[in-house]
Amino acid sequence: FVSTGDLLDGQVARLSGLAEMFQQLTPPLGKFAVTGNHEFYVGIKQVEDFMGKAQIKLLREESVVIENWLMIGGLDDQAALRMGVSKTRDNNLFETVSPETFVLLLKHRPAVDLQWDQQVDLQLSGHVHNGQIFPFNLLIRLVYPVPIGLSQPVAGFFLYVSRGTGTWGPPFRLFAPPEITVIDLVRPDDL
């Protein structure tokens, strides 16, 4: 289970029972999340408390290795810089990874950073909600000129941009259906 940010918004105080529901999820490799801009609007301390209760590992400028074949790295959303709560970015986030390790980067905004393209196999992003309400989807493409879904902006580097599950602002979507993405990572020796 991974979340690429904006899991929480201004409603944290009214989400009674949600952390407990997330606790009940027991995926075999764990639960991981990164911050989106809305986590910083809520307040990072409240978000960290919620993630702790939900038993979700919040990756803030760090990476973890799972079962010696998967590395998951997470970057704070750029809103952390604007709000003065950013962590020091480790430019060597994936330096110790072996060539056999699959590297998954969780980054809220779907911007490709060429610093990582030779080290990362797949970046998962969100933020854009595919515009959420037509015609915002057309405007989103001007700011983030990457397609929704799977693309390969650089050889050997894949990017998946989710349409998202929820909403921001008005609680509806128009011509931008929500999604919960399922991506199966299969080790070559398991094929």
Side-chain angles (χ1 to χ4, degrees), residues 1-9 19 22 25-42 44 47-48 50-52 54-83 85-97 101-130 144 146-154 156-166 168 178-187:
F1 168 91
V2 299
S3 169
T4 57
D6 289 355
L7 183 62
L8 301 174
D9 199 354
F22 278 117
L25 293 176
T26 57
L29 300 179
K31 298 177 282 193
F32 303 91
V34 292
T35 57
N37 50 315
H38 287 255
E39 274 82 12
F40 293 104
Y41 303 157
V42 167
I44 194 63
V47 169
E48 288 172 339
F50 177 88
M51 296 294 184
Q55 299 172 347
I56 298 172
K57 171 71 174 154
L58 185 61
L59 296 173
R60 297 193 62 209
E61 308 299 329
E62 62 187 307
S63 60
V64 295
V65 176
I66 301 167
E67 295 188 358
N68 296 319
W69 67 271
L70 174 63
M71 177 179 275
I72 302 176
L75 301 176
D76 270 347
D77 183 70
Q78 64 192 34
L81 291 171
R82 287 194 311 270
M83 298 190 151
V85 291
S86 63
K87 291 190 125 192
T88 303
R89 177 161 288 176
D90 181 0
N91 289 329
N92 300 317
L93 196 61
F94 305 114
E95 186 176 81
T96 60
V97 67
T101 302
F102 188 88
V103 178
L104 176 64
L105 175 63
L106 306 179
K107 182 179 176 191
H108 182 59
R109 295 176 198 244
V112 175
D113 185 342
L114 296 181
Q115 170 185 353
W116 309 114
D117 71 339
Q118 297 298 307
Q119 298 170 304
V120 172
D121 296 297
L122 174 62
Q123 175 180 317
L124 300 179
S125 295
H127 184 61
V128 296
H129 298 263
N130 195 28
Y144 297 101
V146 294
I148 299 298
L150 186 65
S151 64
Q152 188 176 18
V154 178
F157 173 84
F158 289 89
L159 170 66
Y160 188 90
V161 180
S162 170
R163 293 187 310 249
T165 316
W168 59 269
E179 73 173 300
I180 294 176
T181 309
V182 177
I183 297 174
D184 292 318
L185 299 178
V186 179
R187 293 183 290 183

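Because the structure is predicted, anything quoted here is derived from the model rather than measured.
Checking side-chain atoms of Glu39 against main-chain N and O of Leu7 turns up a donor-acceptor pair under 3.5 Å. The closest donor-acceptor contact from the side chain of Lys57 to the backbone of Gly30 lies at 3.5 Å or more, if one exists at all. A distance-only check finds no donor-acceptor pair linking the side chain of Glu179 to the backbone of Ser162 [under 3.5 Å].
The side-chain heavy atoms of Gln119 and Val103, taken from C-beta on, include no pair separated by under 4.5 Å. Contact of the Phe158 side chain with the Ile183 side chain is not registered, since no non-hydrogen atoms from C-beta on lie closer than 4.5 Å. The side-chain heavy atoms of Asp184 and Val182, taken from C-beta on, include a pair separated by under 4.5 Å. Contact of the Phe32 side chain with the Val64 side chain is registered, since non-hydrogen atoms from C-beta on lie closer than 4.5 Å.
For the atom pair Leu8 CG and Phe40 CZ, the distance stands at 12.0 Å (nearest 0.5 Å). Atom CG of Leu104 sits about 4.5 Å away from atom CG of Leu124, to the nearest 0.5 Å. From Glu48, atom CD reaches atom CD1 of Ile56 across 13.5 Å, with rounding to the nearest 0.5 Å. Atom OG1 in Thr181 sits 10.5 Å away from atom CG in Leu150 (nearest 0.5 Å). The CG atom of Leu105 lies 8.5 Å from the CG atom of Asp113; values are rounded to the nearest 0.5 Å. A distance of 3.5 Å separates CD1 in Ile72 from CD1 in Ile66, rounded to the nearest 0.5 Å.
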Practice task
Could you walk me through whether Phe157 and Val112 pass the side chain to side chain contact (heavy atoms under 4.5 Å, CB included) test, one step at a time?
Solution key: CA-CA 10 Å; Phe157 173 84; Val112 175; 3.8 Å; yes
Exercise for the section: Tell me, with the steps shown, if Gln152 and Leu159 meet side chain to side chain contact (heavy atoms under 4.5 Å, CB included). Expected result: CA-CA 6 Å; Gln152 188 176 18; Leu159 170 66; over 6 Å; no
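With His127 as the fixed residue, the side chain to side chain contact (heavy atoms under 4.5 Å, CB included) test singles out one of Val161, Asn37, Thr4: Asn37. Looking at Arg82, Arg60, Arg109 one by one, the single match for salt bridge (charged side-chain N to carboxylate O under 4.0 Å, His left out) with Asp76 turns out to be Arg60.
Between Met51 and Ala33, the shortest heavy-atom distance links the atoms CE-CB, 4.0 Å. Pro110 approaches Gly126 most closely through the heavy-atom pair CD-O, 3.5 Å. For Thr101 against Asp121, the heavy-atom pair with the smallest separation is O-OD2, 3.6 Å.
Donor-acceptor pairing under 3.5 Å is lacking for the side chains of Thr35 and Asp77.
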